[in-house]
Amino acid sequence: MDSAKLTELYETAKSWVFEAGEVIKRSFSSELNITYKSHAADLVTDMDKGIEQFFIDKIKNKYPDHEILGEEGYGDKVKNLDGTVWIIDPIDGTTNFVHQQLNFAISVGVFHDGEEKLAFIYDVVRNELFHCKAGEGLYLNEEKLPRLEETTLDKSVIGLNATWITPNPKIDHQLLLPLVRKSRGTRSYGTAAIELAYVACGRLDAYVTLRLSPWDFAAGYILIKEAGGMISDVNGKAVNVLDKTSIFAAKPSLHQEILGLISPGTSTNGQ
Ligand code: 2AM
Ligand code: CA
């Protein structure tokens, strides 16, 4: 894809993200239709479905050869990153959307022939759009952000959900306790997309989670790389953006420091 085409795609995708944000904002005044997916904590609303369909209609109309992987399953069965592939979470943090009308985001990552190209994580309520075109730096709205600086665990704030430090099927919960004990503090926002955007912009120094799907992390993955951060699975291995995986994102030397503490014996139990 040449540079002019990519710029056009960037501007078009950005305008759709803002448009989708307006649809979500308007929905606050009407009642939500909430249903469960697999269990009572796994919520989905008409807005998740409507926003995903909004993107699919726009993309398929303007770019019929592009493929789309979306959380709600209205897109394509994407098998690889050949051609142009959009990975979309219409609302990341659905539980927050339902309970708080805050702390959720639209997450859109675009790949072309296997390469990271564009990313948008839009915190609709705070009006914060974290975005990038690969190679041109990370932006928060109109402001270009500096590349990430190094830090150490004792000076860090870490994104970590309490799920992973209580007995759970994904990891020996004792392994992550040093992050609680040795950092300045931990935070949990309930939205992987925003937590990854916060690592990319330096509001968090690292983020660890054991269970994400491609739409939860694809855009964040692109933003973190663009910001000069490290992103891998919890064992330090490269992630495949089309697979469910654990995710560990951090400033580079902190990534090394934390891996040294947590990786021996890390088990993801294949789940
Ligand atoms: P969602 O709100 O789009 O479903 C919450 O800790 C974060 O993890 C959110 O980003 C949420 O995404 C994601 N998440 C929650 N349960 C999940 C599951 N079973 N598999 C994958 N991602 C999940
Ligand atoms: Ca979602």
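Just follow the structure's listing: the first ligand is 1, and inside any ligand the first atom is 1. All residue numbers refer to positions in the sequence shown, counting from 1.
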Ion pair present between Lys251 and Glu257, side-chain N to carboxylate O less than 4.0 angstrom? no
Sidechain N-carboxylate O distance under 4.0 Å for Lys133, Glu226: no
Using a strict threshold of under 4.0 Å (side-chain N to carboxylate O), is an ion pair present between Lys79 and Glu67? no
Is there a donor-acceptor pair under 3.5 Å between the side chain of Asn103 and the backbone N or O of Ile194? no
Is a side-chain N or O of Glu150 found less than 3.5 angstrom from the main chain of Ser253, in a donor-acceptor match? yes
Note: Lys49-Glu52 ion pair, threshold 4.0 Å (strictly below): no
Less than 3.5 Å between some nitrogen or oxygen of Glu71 and one of ligand 1, yes or no? yes
Considering just N/O/S atoms, say which atom of Asp89 is closest to the Ca ion (ligand 2). OD1
Taking 3.0 Å as the cut-off, does an N/O/S atom of Asp216 lie below it from the Ca ion (ligand 2)? no
Taking the basic N atoms (NZ, or NE/NH1/NH2) and the acidic carboxylate oxygens, is any pair closer than 4.0 Å for Glu11 and Lys14? yes
Using 3.0 Å as the threshold, say whether any N, O or S atom from Glu71 sits that close to the Ca ion (ligand 2). yes
Quick one: does Ile91 get a heavy atom under 4.0 Å from ligand 1? yes
Per-residue contact class, Asp92 against ligand 1 - non-hydrogen pairs under 4.0 Å: both
Heteroatom proximity flag, Ala192 to ligand 1, N/O under 3.5 Å: yes
Side chain or backbone, does Thr191 bring an N or O within less than 3.5 Å of an N or O on ligand 1? no
Check this for me - ligand 1, Gly190, N or O atoms closer than 3.5 angstrom, yes or no? no
Give a yes/no answer: is there an N/O/S atom of Pro90 under 3.0 Å from the Ca ion (ligand 2)? no
